[in-house]
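By convention here, the first residue in the shown sequence is residue 1.
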Amino acid sequence: MQAQPTASHYVNGAYLEDATGASLPVIFPGTGEEIAQVHEATPAVIEAALAAAKAAQGPWAALMPVERGRILRRAADIIRARNRELSELETLDTGKPISETLVADATSAADALEYFGGLAGTLTGEHVPLGSDWAYTMRVPLGVCVGLGAWNYPTQVAAWKAAPALVCGNTMVFKPSEQTPLCALKLAEILTEAGAPPGVFNVIQGAGTVGRALVEDARVAKVSLTGSAETGKKVYAGAAAQMKHVTMELGGKSPLIIFADADLDSAVSAAINANFFSTGQVCSNGTRVFVQREVKAEFLSRLVARVAKATIGDPRDEATNLGPMTSAEQLAITCSYIEKGKAEGARLVHGGRRLDRPGWFVEPTIFADVTDEMTIARDEIFGPVMSVLDFDTEDEVIARANATDLGLSGAVFTRDLVRAHRVIHAIEAGTVWINQYNLTPVELPFGGIKGSGLGRENSRAAIEAYSQLKTVYVGMTPVEAAY
Ligand SMILES: NC(=O)c1ccc[n+]([C@@H]2O[C@H](COP(=O)([O-])OP(=O)(O)OC[C@H]3O[C@@H](n4cnc5c(N)ncnc54)[C@H](O)[C@@H]3O)[C@@H](O)[C@H]2O)c1
Ligand SMILES: C[N+](C)(C)CC=O
């Protein structure tokens, strides 16, 4: 099985290779086989990408906005037409089951390109009357933007950054995660096919050192990172040193709160989706499942019965519900948290073992009787490990849900809608759901508060994140001076 791209990088409208860069093997997590090799960007490749993005930005911004929008919408159409091929590549790159990638990845990228393409003609400023004088504001691009991607949603992350950046008249150099380098190259190829001029969207490979070189370059006006909270602090500090704009989409340890009056089957489905979709490798997952004590036994019994039916296996098989972890490293991290959970006294009610087969598989794992101070209730694991915690009262669960430095997401399940809104308003998180979990359509802002990040992706909010206002004061009468 091979998924070798034409070359490692995509710069100035074409594939580019520089084999002197360090080799990065691409492994299919379902078997552990090497399916491609790419090379880390050398200083020459980094320079070529930044120079191309810088040269392309002015002419790209000078196009009629609807023309930029048309190119993005054409790219969306190409992605939809090639959904199966792109989904298969996403599955090879990440190990996520094809049943998921067919509906969640390339399609989400197409949604973003279509949505922001559609906004192109609306990027206007406003007229401000000032007596005999007047003023107007203009929404102008930032310049060259850098996107840094995580490995769990490589196509979606690239498109969620590229689409709003490009529609506003910026250009981008995108660096995917070194773990999943393949999918962003396809986005670059498709944008060229759709009519994006050379240099508008560039992809270069590499790990943190390449990312750091991009962040520190004086030509870069904005950095958008999707990654861990730890990396976020470093990238934010680097960008702040040169007063760059930032968007930070970071990790979470989100609460999913289930009251006794909830539709329990629906809450069980939400807990499953919020912990085991993408084998638990989702930033917004509700990994702290707070269940009101009187329904805890029933909730656990229904949950375990449902999870026992999940099909774990080859992610290329459409019948598979859970695939492998994306990397051997992430598998080892997840297994070590499972051991910590057991050692600290959480009750293992399902799973907990690595699967004895090639590839990086671990069972979906459920711990009950988890307490707030346990490591598995505090750290973002980024694997299929659910912690179920008991609670008694509304005030108590709000305080415990908020007792974390992170604030990406959260949800409440109850039939009492007054309580639902009261509780959800009190939850410290950027994106919250009532009787739902993990739906993130492009029409809605997505992002975190506290240690989970800064700024928002998607929706009109992303336009604010990739453009700035310029104010023009118009004097209509001669200037007077005191002397
Ligand atoms: N909030 C969101 O939208 C969202 C979405 C997906 C993933 N995530 C988070 O991402 C994390 C998992 O992804 P990961 O392990 O790839 O994250 P990571 O922080 O290790 O890496 C993210 C990206 O940053 C680059 N990088 C690392 N160090 C850097 C540095 N010093 N300077 C510049 N670039 C650097 C990496 O090469 C990679 O491309 C989890 O914490 C998850 O919650 C957040
Ligand atoms: C942004 N989201 C939630 C779709 C995927 C994050 O890991």
Checking Lys296 against Phe299: charged group under 6.0 Å from the ring centre and within 45 degrees of the axis?
no

Side chains of Thr404 and Arg288 in contact at under 4.5 Å (non-hydrogen atoms)
yes

Does Thr122 form a side chain to side chain donor-acceptor pair (under 3.5 Å) with Arg460? I'd like the steps, not just the answer.
CA-CA 10 Å; Thr122 72; Arg460 291 195 75 91; 3.2 Å; yes

Indicate yes or no for a side-chain donor-acceptor contact from Asn402 to the backbone of Glu428 under 3.5 Å, with no hydrogens or angles considered.
yes

Any donor and acceptor pair, going by atom type alone, linking the side chain of Ser228 with main-chain N or O of Thr231 inside 3.5 Å?
yes

Of Ile258, Val349, Ile366, the one forming a side-chain contact (heavy atoms from CB on, under 4.5 Å) with Val388 is Ile366

Could you tell me whether the side chain of Val412 reaches within less than 4.5 Å of the side chain of Ile427, counting heavy atoms only?
no

At their closest point, which heavy atom of Leu187 faces which heavy atom of Ala162, and how far apart are they?
CD2-CB, 4.3 Å

Quiz question: by atom type and distance under 3.5 Å, do the side chains of Glu344 and Thr375 form a donor-acceptor pair?
yes

Roughly how far apart are Glu34 CD and Phe28 CZ, rounded to 0.5 Å?
14.0 Å

Run the numbers on Asn435 and Asp263 for side chain to side chain contact (heavy atoms under 4.5 Å, CB included), then give the verdict.
CA-CA 9 Å; Asn435 295 331; Asp263 172 340; over 6 Å; no

If we only count heavy atoms from C-beta on, is the Phe174 to Cys145 side-chain gap below 4.5 Å?
no

Decide yes or no for Phe367 and Tyr337: does some side-chain heavy atom of the first lie under 4.5 Å from some side-chain heavy atom of the second?
no

Give a yes or no answer on whether the side chain of Lys222 reaches the backbone of Tyr466 with a donor-acceptor pair at less than 3.5 Å.
no

Would you compute the distance between atom CG of Leu86 and atom OG1 of Thr91 and round it to the nearest 0.5 angstrom?
11.0 Å

Determine whether Leu225 and Val215 make a side-chain contact, defined as any pair of heavy atoms from C-beta on separated by less than 4.5 Å.
no

Does a donor on one side chain and an acceptor on the other come within less than 3.5 Å for Ser99 and Glu318?
no

Can you tell me how far CD of Glu249 sits from SG of Cys283, rounded to the nearest 0.5 angstrom?
7.0 Å

Identify the heavy atoms of Ala462 and Phe116 that sit nearest to each other, and give their distance.
CB-CZ, 3.7 Å

Got more than 12 heavy atoms from elsewhere within 6.0 Å of CG, Asp392?
yes

Quick one: do Val362 and Ile338 satisfy side chain to side chain contact (heavy atoms under 4.5 Å, CB included)? Show the steps, please.
CA-CA 10 Å; Val362 60; Ile338 292 171; 3.9 Å; yes

Within the supplied structure, the quantity of interest is the number of heavy atoms (other residues, nucleotides, ligands) at a distance under 6.0 Å from Arg353 CZ; does it exceed 12?
no

Smallest heavy-atom separation, Asn275 atom then Ala271 atom, equals ND2-O, 3.0 Å

Min side-chain heavy-atom separation Pro364-Ile312 under 4.5 Å
yes

Under the 3.5 angstrom rule, does the side chain of Asp111 hit a backbone N or O of Val442 as a donor-acceptor pair?
no

OH-OG1 distance between Tyr15 and Thr6, expressed to the nearest 0.5 angstrom
4.5 Å

Between Glu88 and Lys186, is there a salt bridge with N-O shorter than 4.0 Å?
no

Could you tell me whether the side chain of His9 and the main chain of His39 form a donor-acceptor pair under 3.5 Å?
yes

Kindly state whether the ring of Phe391 and the ring of Phe259 have centres lying under 6.0 angstrom apart.
yes

Full working for side chain to side chain contact (heavy atoms under 4.5 Å, CB included) between Lys244 and Val146:
CA-CA 11 Å; Lys244 293 179 194 220; Val146 159; over 6 Å; no

Exercise: do Ser224 and Trp160 side chains pair donor with acceptor under 3.5 Å:
no

If we ignore hydrogens and angles and just use 3.5 Å, is the side chain of Asp261 paired with the main-chain N or O of Arg415 as donor and acceptor?
yes

Check against side chain to side chain donor-acceptor pair (under 3.5 Å), Gln205 and Ser8
CA-CA 7 Å; Gln205 309 294 351; Ser8 300; over 6 Å; no

Is the count of non-hydrogen atoms from other residues, nucleotides or ligands lying under 6.0 Å from Glu373 atom CD greater than 12?
yes

Please report the shortest heavy-atom distance between Ala159 and Ala109, naming the atom on each side.
CB-CB, 3.4 Å

Please tell me if the side chains of Leu191 and Leu72 come closer than 4.5 Å, counting only heavy atoms from C-beta onward.
yes

Would you call the rings of His425 and His421 parallel, tilted or perpendicular, where under 30° means parallel and over 60° means perpendicular?
perpendicular

Minimum-distance pair of heavy atoms, taken over all atoms of Pro315 and Thr320:
CA-CG2, 4.3 Å

If the threshold is 4.0 Å, N to carboxylate O, is there a salt bridge linking Lys161 and Glu457?
yes

Is any side-chain heavy atom of Trp433 closer than 4.5 Å to one of Leu439?
yes

Keeping the roles fixed (side chain from Thr365, backbone from Val385), state whether a donor-acceptor pair exists under 3.5 Å.
no

Pairing donors with acceptors under 3.5 angstrom, does anything connect the side chains of Tyr153 and Thr226?
no

I'd like to know whether Asn273 forms a side chain to side chain contact (heavy atoms under 4.5 Å, CB included) with Asn438, so could you lay out the CA-CA distance, the side-chain angles of the two residues, the decisive distance to 0.1 Å, and finally the verdict.
CA-CA 8 Å; Asn273 292 343; Asn438 256 353; 5.7 Å; no

Give, for atom CD1 of Ile398 and atom CD of Glu396, the distance between the pair rounded to the nearest 0.5 Å.
10.5 Å

Taking every non-hydrogen atom, the tightest pair across Ser284 and Ser409:
CB-OG, 3.1 Å

Side-chain donor-acceptor pair under 3.5 Å between Ser327 and Glu329, yes or no?
no

With distance as the sole test, does Asn285 use its side chain to make a donor-acceptor pair with the main-chain N or O of Thr287 at under 3.5 Å?
no

Mind checking the NZ-CG spacing from Lys253 to Leu408? Nearest 0.5 Å is all I need.
12.5 Å

Between Glu298 and Arg302, does at least one N-O distance fall below 4.0 Å, as a salt bridge requires?
yes

For the pair Thr31 (side chain) and Gly359 (backbone), establish whether a donor and an acceptor sit closer than 3.5 Å, ignoring hydrogens and angles.
no

Ion pair present between Lys96 and Asp105, side-chain N to carboxylate O less than 4.0 angstrom?
yes

Has Gln330 got a side-chain atom pairing as donor or acceptor with Thr326's backbone, closer than 3.5 angstrom?
no

Chi angles and distances behind the side chain to side chain donor-acceptor pair (under 3.5 Å) call for Thr180, Thr94
CA-CA 6 Å; Thr180 52; Thr94 62; over 6 Å; no

